[in-house]
Amino acid sequence: MSEYLRPAFAIVLPNLGGIAGGFFTRKAIPDWYEHLRKPSWRPPNYVFGPVWTYLYSSMGYASYLVWRDGGGFSGDAALPLACFGTQLALNWAWTPIFFGAKKMGLATIEIGALWGGIVATIITFHPVNRTASYLLIPYLAWVSLAGCLTYNIWRNNKDRTD
């Protein structure tokens with residue numbers, strides 16, 4: 001793969017999970033999510049798409065930097081990339097849990113695990129490529145907000161039967 005295709009692939013890959021998650025949210029937002037009790041401080045729905053596109057792209061580029069500088073999957077980058085893959089799988093799993101299965105409590109637990117996975121990724125990325133670790137800080141901040149939002153929605157809608 002050419003030196004230009006590798007970072008492009010790394011940027012696109014995380015976005016694919018976000019696109020797949022859109023299939024769960026498309027119907028659930030008007031039919032279910034809009035009817036939930038949500039806090040006044042939640043971001044408007046139109047913000048989520050652009051924010052996630054930016055975050056998925058920056059985390060993909062960060063993973064490329066670590067892969068490049070850490071010797072690929074068999075070098076110093078092995079553990080950081082395993083952490084990255086784990087948190088990415090947790091990230092992709094949240095949407096079908098919350099919007100697909102409508103399991104708000106499970107989604108709250110899951111996003112806590114995701115938060116820990118992001119912290120582990122930042123910590124393991126740092127010795128390999130500091131810029132890559134810094135690229136994940138806005139992602140951690142957004143998931144922190146999303147975690148608070150998920151918990152708040154679960155807490156305020158526990159009595160729902162759908």
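Because only heavy atoms are used, hydrogens play no part in the values below, and waters and symmetry mates are left out as well, while side chains stay in.
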Only pairs at least two apart or in different chains count here, so list each side-chain hydrogen bond (donor to acceptor under 3.5 Å, both in side chains) that has a residue in [range].
range: residues 108-125; value: W115-S144
range: residues 83-93; value: Y56-N91, Q87-Y139, N91-Y139
range: residues 60-85; value: D69-N129

Quiz item: Other than L106, what residues sit in its cluster of Ile, Leu, Val, Met, Phe, Trp and Tyr side chains whose heavy atoms are under 4.5 Å apart, directly or through others?
Solution: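 Other cluster members: I97.
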
Exercise. If you link ILVMFWY side chains whenever their heavy atoms are less than 4.5 Å apart, which other residues fall into the same cluster as L79? By chain and number, please.
Key: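 Same cluster as L79: nobody, lone residue.
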
Self-check item: For R155, side-chain hydrogen bond (donor to acceptor under 3.5 Å, both in side chains) partners two or more places apart
Solution: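 Testing R155 for side-chain hydrogen bond (donor to acceptor under 3.5 Å, both in side chains), a comparison that skips the adjacent residues, returns none.
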
Self-check item: Atom pair CG (L135) and CD1 (I122), whose distance is rounded to the nearest 0.5 Å
Solution: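 Interatomic distance, L135 CG to I122 CD1, rounded to 0.5 Å: 10.0 Å.
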
Quiz prompt | Spatial distance of atom CE (M104) from atom CZ (F98) [nearest 0.5 Å] | solution =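 That separation rounds to 6.5 Å.
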
Quiz item: What orientation do F125 and F84 show, parallel under 30°, tilted 30 to 60°, or perpendicular over 60°?
Solution: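 The rings of F125 and F84 lie parallel, inter-plane angle below 30°.
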
Close side-chain approach of [X] to [Y], heavy-atom, < 4.5 Å:
X: Y54; Y: V51; answer: no
X: P39; Y: I153; answer: yes
X: K38; Y: N152; answer: no

Practice problem: Determine the minimum heavy-atom distance between A62 and L136, stating which atoms define it. | Solution: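 For A62 and L136, the tightest heavy-atom pair comes out as CB-CD2, 4.2 Å.
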
Quiz item: Which pair of non-hydrogen atoms, one from V66 and one from P80, has the smallest distance, and what is that distance?
Solution: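 Nearest pair, atom of V66 first, then P80: CG1-CB, 3.9 Å.
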
Self-check item: side-chain contact (heavy atoms from CB on, under 4.5 Å) against L145, all qualifying residues, sequence neighbours excluded
Solution: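 So L145 forms a side-chain contact (heavy atoms from CB on, under 4.5 Å) with W41, P43, W142.
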
Quiz item: Can you list the residues that meet the side-chain contact (heavy atoms from CB on, under 4.5 Å) rule with P127, with sequence neighbours excluded?
Solution: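 Once residues adjacent in sequence are excluded, P127 has no partner under the side-chain contact (heavy atoms from CB on, under 4.5 Å) criterion.
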
Quiz prompt | I109-W154 co-clustered via ILVMFWY side chain contacts under 4.5 Å | solution =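 Shared cluster, no.
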
Self-check item: By ring pair (Phe, Tyr, Trp, His ring centres under 6.0 Å) - contacts of H35 (at least two apart)
Solution: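 So H35 forms no ring pair (Phe, Tyr, Trp, His ring centres under 6.0 Å) with any residue.
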
Check residues 20-28 and write down every donor-acceptor pair under 3.5 Å in which the side-chain atom is one partner and the other belongs to a residue at least two apart or another chain.
residue : atom : partner : partner atom : Å
T25     : OG1  : G22     : O            : 3.1
K27     : NZ   : D31     : OD2          : 2.7

Contacts table for residues 8-15: side-chain donor-acceptor under 3.5 angstrom, sequence neighbours left out:
residue : atom : partner : partner atom : Å
N15     : ND2  : I11     : O            : 2.9
N15     : ND2  : S57     : OG           : 3.2

Exercise. May I have all residue pairs that pass salt bridge (charged side-chain N to carboxylate O under 4.0 Å, His left out) and include part of residues 123-145, sequence neighbours excluded?
Key: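 Sorted pair list comes back empty.
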
Practice problem: Return yes if some donor-acceptor pair links the side-chain N/O of N156 with the main-chain N/O of R37 below 3.5 Å, else return no. | Solution: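 Side chain of N156 to backbone of R37, a donor-acceptor pair under 3.5 Å: no, none is there.
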
